[in-house]
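Below you'll find the structure, written out as structure tokens, and then a few comments.
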Amino acid sequence: MEVFYYLVFGGLAAVVAGLELGKSAKDRVTTSQAFNSFKNNYVLVYSLMMSGDWLQGPYVYYLYSQYGFDKGDIGRLFIAGFGSSMLFGTIVGSLADKQGRKRACITYCISYILSCITKHSPEYKILMIGRVLGGIATSLLFSAFESWLVAEHNKRGFDSQWLSITFSKAIFLGNGLVAIVSGLFANLLADNLGFGPVAPFDAAACFLAIGMAIIMSSWSENYGDPSESKDLMSQFKVAAKAIASDEKIALLGAIQSLFEGSMYTFVFLWTPALSPNEEDIPHGFIFATFMLSSMLGSSIAARLLARKLKVEGYMQIVFTISAFTLFLPVVTNFLVPTSSVKGGSISFGGTLQLLGFCTFEACVGIFWPSIMKMRSQYIPEEARSTIMNFFRIPLNLFVCVVLYNVNAFPITVMFGMCSIFLFMAAILQRRLMVVSDLHKSSTKAQEMVDEDEPLNP
């Protein structure tokens, strides 16, 4: 493997270690022992849940190809997963608010375990069922767990500022360290030990089962507003009314969809971007480098949140940087000459893009805990899971369209489109900050009026 990859990985690792070991008093928040126990329990469960997801990622496409399916068949399987998340996501989110977030988290484990079991069958219909179950599970993963955490955190009376600590730590481990270890462990099972591409899915099912046991034994149940949870339609009405009546919620949903849509598109595009002439690149090592970059971002986010910097302010910068990094393939395509020789090592343009992609992944690491913090501030508790899954409808629709037309447009056009979306997210983030500040000012003014009223009958 080329020295360049080791230098990038080693440099990122050194920076992450430096940030984590060099935290000052300003970067640390004094918390209670009860909160630390609560936080550690959630982070452990979240890490197990994410390991169940990350273990599957590297071998999904490869497993389907080993069963003899072509690119079109595999593409339809992927579309089924995102389509299932889009169609059923809002329903399961509403059921989480109505029937309980703990039950929804357990449902996630069961659904994903069943999805893993279907990978043992080479039958296309069985695999399609597995993708549908996986789509439902994904909706629960990105809504039910966060909804349970926010409600339980508030119910136990912990400081609202401490919620950022849990978010940052969960993303640092679950979307960073766990992702790296999961990728290496999946490679060990499938290749080094020779168990084949189904082995990582069996390992994922085991980790999900362990996490489910911890949830069942140590988590308490919480719900949305019980007065609004008598039927499913009432939950939809509450969520739709909240989004339509509060510009802050609508802006937050648009920002999330634009960023995550670009992020998932990047997942499909980075491989052909770095190897346009079938260059020999270490995919697993590059993936691990991306995850290390994400850890760097979450470490930076932890510092920003600990110092109580305004999330709405610094996220404008993050989205702008993200837009520039995904525009880099367009620039290099015009300015850097490409080789016509097939194979070989990564090109000079590829190395520039790799550095840009690492920067983008660092922005992703900052995005997750920051968007979680904003959701905890703006989304009402009574329909939290429902609203969060409403946000995922345009996201999943966008990804399905991209997957369906992935061969219809040049890769530079796709990256250019993502860059435009990220610039739009930065503009909407600016608007969200303005609206939020106006709302706080009007609320403060109203409170002052209410205090003066008894003195001036």
Side-chain angles (χ1 to χ4, degrees), residues 27-50 93 96-109 140-175 178 211-212 214-226 228-229 238-239 242 248-249 252 256 298-299 301-312 366-389 391 436:
D27 303 315
R28 301 180 187 276
V29 179
T30 303
T31 58
S32 66
Q33 184 60 44
F35 169 76
N36 289 334
S37 298
F38 171 74
K39 176 197 68 179
N40 292 337
N41 174 272
Y42 178 80
V43 170
L44 173 61
V45 170
Y46 184 81
S47 298
L48 287 168
M49 299 301 101
M50 292 307 300
D97 290 324
K98 178 173 178 280
Q99 301 294 337
R101 281 73 178 264
K102 175 183 175 180
R103 288 192 183 95
C105 294
I106 294 173
T107 303
Y108 161 80
C109 297
L140 291 169
L141 175 62
F142 291 107
S143 60
F145 288 89
E146 183 180 330
S147 297
W148 180 89
L149 171 65
V150 174
E152 195 67 19
H153 181 100
N154 294 330
K155 186 169 73 174
R156 298 192 184 197
F158 296 135
D159 190 320
S160 60
Q161 178 65 24
W162 296 354
L163 196 56
S164 301
I165 302 174
T166 308
F167 287 149
S168 300
K169 187 62 68 176
I171 297 302
F172 181 82
L173 293 176
N175 284 21
V178 167
M212 182 169 66
I214 297 174
I215 292 172
M216 295 175 69
S217 62
S218 62
W219 285 22
S220 60
E221 187 62 275
N222 61 53
Y223 305 84
D225 184 355
E228 296 290 342
S229 62
V238 170
K248 298 188 297 297
I249 299 176
L252 190 64
Q256 177 179 320
S298 61
S299 183
R303 289 190 171 219
L304 295 173
L305 293 168
R307 299 189 181 202
K308 299 183 180 180
L309 294 180
K310 185 179 290 187
V311 181
E312 295 84 356
I366 298 174
F367 168 80
W368 284 117
S370 301
I371 198 73
M372 288 175 176
K373 175 65 175 176
M374 288 190 286
R375 285 195 297 240
S376 70
Q377 292 174 339
Y378 297 132
I379 298 179
E381 179 59 39
E382 60 266 21
R384 183 178 299 276
S385 294
T386 310
I387 293 173
M388 288 171 64
N389 277 297
F391 291 170
S436 177

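Side chains included, hydrogens not; waters and symmetry mates left out as well; all remaining heavy atoms used. We're numbering straight along the sequence, starting at 1.
Among residues two or more places apart in sequence or in another chain, the side chain to side chain donor-acceptor pair (under 3.5 Å) test is passed with Asn40 by none. A search for side chain to side chain donor-acceptor pair (under 3.5 Å) contacts involving Ser47 returns nothing, not counting sequence neighbours. Residues meeting the side chain to side chain donor-acceptor pair (under 3.5 Å) test with Ser160, sequence neighbours left out: none. Judged as a ring-ring contact (aromatic ring centres under 6.0 Å, His included), and not counting sequence neighbours, Tyr378 has no contacts. For Glu312, the salt bridge (Lys or Arg N to Asp or Glu O under 4.0 Å) test picks out no residue, with sequence neighbours left out. Applying the salt bridge (Lys or Arg N to Asp or Glu O under 4.0 Å) criterion to Lys373, with sequence neighbours excluded, gives no partner residue. Shown here are the salt bridge (Lys or Arg N to Asp or Glu O under 4.0 Å) partners of Arg101, two or more places apart in sequence or in another chain: Asp97, Glu381. Contacts of Phe145 classified as ring-ring contact (aromatic ring centres under 6.0 Å, His included), with partners at least two apart in sequence or in another chain: Tyr108. When the side chain to side chain donor-acceptor pair (under 3.5 Å) test is applied to Lys248, the partners found at least two apart in sequence or on another chain are Asp246. With sequence neighbours left out, Leu304 forms a side-chain contact (heavy atoms from CB on, under 4.5 Å) with Ile300, Leu309, Tyr314.
No donor-acceptor distance shorter than 3.5 angstrom exists from the side chain of Ser218 to the backbone of Ile215, with no hydrogens or angles considered. Side chain of His153 to main chain of Phe38: no donor-acceptor pair is present (N/O by atom type, distance under 3.5 Å, no hydrogens or angles). With hydrogens and angles ignored, the 3.5 Å screen pairs a side-chain donor or acceptor of Arg384 with a backbone N or O of Arg375. Side chain of Asn222 to backbone of Ala151: no donor-acceptor contact under 3.5 angstrom is found. Side-chain atoms of Gln256 never come within 3.5 Å of backbone atoms of Ile371 as a donor-acceptor pair (strictly under, hydrogens ignored).
Interatomic distance, Ile249 CD1 to Ile379 CD1, rounded to the nearest 0.5 Å: 6.5 Å. In this structure, CH2 on Trp148 lies 4.5 Å from CD on Glu152, to the nearest 0.5 angstrom. Considering SG of Cys105 and CD of Glu221, their distance stands at 8.5 Å, rounded to 0.5 Å.
Side-chain contact between Asn41 and Trp219 is present, with at least one heavy-atom pair separated by less than 4.5 Å. The shortest side-chain heavy-atom distance between Leu141 and Met50 falls under the 4.5 Å cut-off. Annotation: side chain of Ser143 is not in contact with side chain of Ile387 (no heavy-atom distance under 4.5 Å).
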>> Before you tell me yes or no, could you show the steps for Ser220 and Lys102 under side chain to side chain contact (heavy atoms under 4.5 Å, CB included), namely the whole-Å CA-CA distance, both residues' side-chain angles and the distance that decides it to 0.1 Å?
In response: CA-CA 7 Å; Ser220 60; Lys102 175 183 175 180; over 6 Å; no
> What do the steps show when you test Arg103 against Tyr223 for side chain to side chain contact (heavy atoms under 4.5 Å, CB included), and what is the final call?
Replying inline: CA-CA 10 Å; Arg103 288 192 183 95; Tyr223 305 84; 3.3 Å; yes
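Between Ile106 and Met212, the closest heavy-atom pair is CG2-SD, 3.8 Å. Listed here is the closest heavy atom pair of Ala104 and Leu140: O-CD1, 3.6 Å.
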Which side-chain N or O atoms in residues 161-173 pair as donor and acceptor under 3.5 Å with protein atoms at least two apart or in another chain?
unit_1	atom_1	unit_2	atom_2	d
Gln161	NE2	Leu305	O	2.7
Ser168	OG	Ser164	O	2.9

